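The chain is numbered in sequence order, starting from 1. Numbering of ligands and ligand atoms starts at 1, following listing order. Model, not experiment: these values are computed from the prediction.
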Amino acid sequence: MDPYLNDSHQALRAEVREFAERQIAPVAREHDLQSRFPWDNVRAMADRGWFGANVPKQYGGLGLDTLSYMLIIEELARVDASHSITISAHSTLGMSPIQNYGTEDQKQRYLPLLASGRVLGGFGLTEPGAGSDAGATRTVAVRENGEYRINGSKIFITHAGVGEIFVVTAVTDRSRGVKGITSFIVTKETTDRESADRVGVGHARELDPFTPGVRAGKKEDKMGWRASDTRELLLDDARVPAENRLGEEGQGFINFMKTLDAGRIGIGALSLGLAQGSFDTAVKFAAKAERNGKPMRDAQGVQFTLADMAMEIACARHLVYHAAWLKQNDQPFGPQASMAKLYASELCMRNSMRAIQLLGAAGYTSEYPVERMMRDGKICEIGEGTSEVQRLVIARSLFRTADGTA
Ligand SMILES: Cc1cc2nc3c(=O)[nH]c(=O)nc-3n(C[C@H](O)[C@H](O)[C@H](O)COP(=O)(O)OP(=O)(O)OC[C@H]3O[C@@H](n4cnc5c(N)ncnc54)[C@H](O)[C@@H]3O)c2cc1C
């Protein structure tokens, strides 16, 4: 018996795995090559309810627990990280702040659109000079006549082009430092109406009129996650009605810190999926290949590599599932989420490189997915808190425990 997963979890894992192998694997390389957003599969995943996996049913979600949601992220990433981050960034970053900090009116208005996958969401925090140091936010919101005028630019925002609903941060009172940062819900029309209309998700007419002054900027040409949409999100004298403020003024920083804590479990699960995908390719290859007239599987060096890969995946899986279990049981989970993210993200890089080495030149080509997995893995050590930031979070929690203030 698995200590974390029950029969429903196992059935969900099998369902997502089957979908990923049948519907994503054949097209993942092409989407990566073309840096093309996978609209058809977004529609298929929306039909399965995966954009609202752990949103309560009353807001249009599947009402599943955190572990179920993590299994979806993990299994998608085992085949393709871009598909996985599409669900993860939408759910944890775009939707969960509204679910956790929104008024009932905000939840009623935005969650059903997001949870059904009819519209994609995102989260605008990072700015030039304000990534790890998110408190250095320069975007400013000034209250005037019952609305806020927001000016600034957010960079590297997942779904800034294809998405329509965003949570963004802005300074409302600079004299209060991070306690002067506030969150807002803003909307903009997708940059790809043609695809959205073709597949029937990605655009909601009822959001019109969209927030004036919000638009997508330049699309990034990235090393990995190439089928995921990453762009600037520009706020140019954006007029945001006061009822779109998310939480009280000054609560934005603490709320997005909590959002990122949860996001780290998601990136941990995505990294775990990548680490598993690289391993699966390596073990299948070694099971069949022959070198020097002998089965590769009999070479002790190969066996040692595969054993280390499998053992470290087991460690990562325990860390990720444990952090998810803590969260779904309302226990503190911040340092555990950081450990899960840090270990799994560094492992997915390590495993992809071990897999490429084991396959030799074949692993360096697009005939196998491991070169893509290596490129897709690198951002897991950077996004939603770099490895250095995770180490700081973990170290601070150690000293809180030592000081008796944990
Ligand atoms: C594909 C992609 C998708 C993204 N999606 C989103 C999104 O949807 N929303 C969003 O808001 N952002 C998003 N980001 C931005 C991402 O979260 C940031 O890139 C990340 O937080 C790091 O910030 P930075 O790039 O400014 O690096 P910096 O913060 O400038 O860090 C540079 C280096 O300095 C190190 N460093 C910084 N501070 C410390 C310290 N105190 N101690 C030790 N070392 C330190 C870092 O670890 C890193 O190695 C995305 C980025 C990418 C590439």
Considering non-hydrogen atoms of the protein only, which is the closest contact for [atom], and what is the distance?
atom	answer
atom 43 (C) of ligand 1	E388 CB, 3.9 Å
atom 8 (O) of ligand 1	T158 N, 3.0 Å
atom 9 (N) of ligand 1	F123 O, 2.8 Å

Do [X] and [Y] have their ring centres less than 6.0 Å from each other?
X	Y	result
F123	F166	no
F19	W50	yes
Y368	F285	yes

Could you tell me which atoms of ligand 1, counted from 1 in the order shown, lie closer than 4.0 angstrom to a heavy atom of [X]?
X	value
E384	17 (O)
W225	1 (C)
I157	7 (C), 8 (O), 9 (N), 10 (C), 11 (O)

Carboxylate-amine/guanidinium proximity below 4.0 Å for [X] and [Y]:
X	Y	value
R205	E164	no
R215	E189	no
E127	K154	yes

For [atom], is the nearest protein heavy atom under 4.0 Å away?
atom	answer
atom 25 (O) of ligand 1	no
atom 32 (C) of ligand 1	no
atom 52 (C) of ligand 1	yes

Q: Please work out whether any backbone atom (N, CA, C, O) or any side-chain heavy atom from C-beta onward of F156 is under 4.0 Å from ligand 1, and answer side chain, backbone, both or neither.
A: both

Q: May I ask you to identify, for L125, whether its side chain, its backbone, both or neither come under 4.0 Å of ligand 1 on a heavy-atom basis?
A: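 The answer is both.
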
Tell me whether [X] contacts the main-chain N or O of [Y] through its side chain, where contact means a donor paired with an acceptor under 3.5 Å.
X	Y	result
Q357	G363	no
T211	T187	yes
T191	G161	yes
E74	L270	no

Q | Euclidean distance, S228 OG relative to E220 CD, rounded to 0.5 Å | A | 11.5 Å

Q: Could you name the option among G131, S132, G385 that has the heavy atom nearest to atom 36 (N) of ligand 1?
A: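 Among G131, S132, G385, the closest heavy atom to atom 36 (N) of ligand 1 belongs to S132.
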
Q) Where the closest heavy atom to atom 19 (O) of ligand 1 is concerned, which of I382, D376, V167, T386 has it? A) I382

Would you check the N or O atoms of [X], main chain and side chain alike, for any that come under 3.5 Å of an N or O of ligand 1?
X	value
T126	yes
G383	no
K222	no

Q) Does some non-hydrogen atom of L392 fall short of 4.0 Å from ligand 1? A)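 Contact present.
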
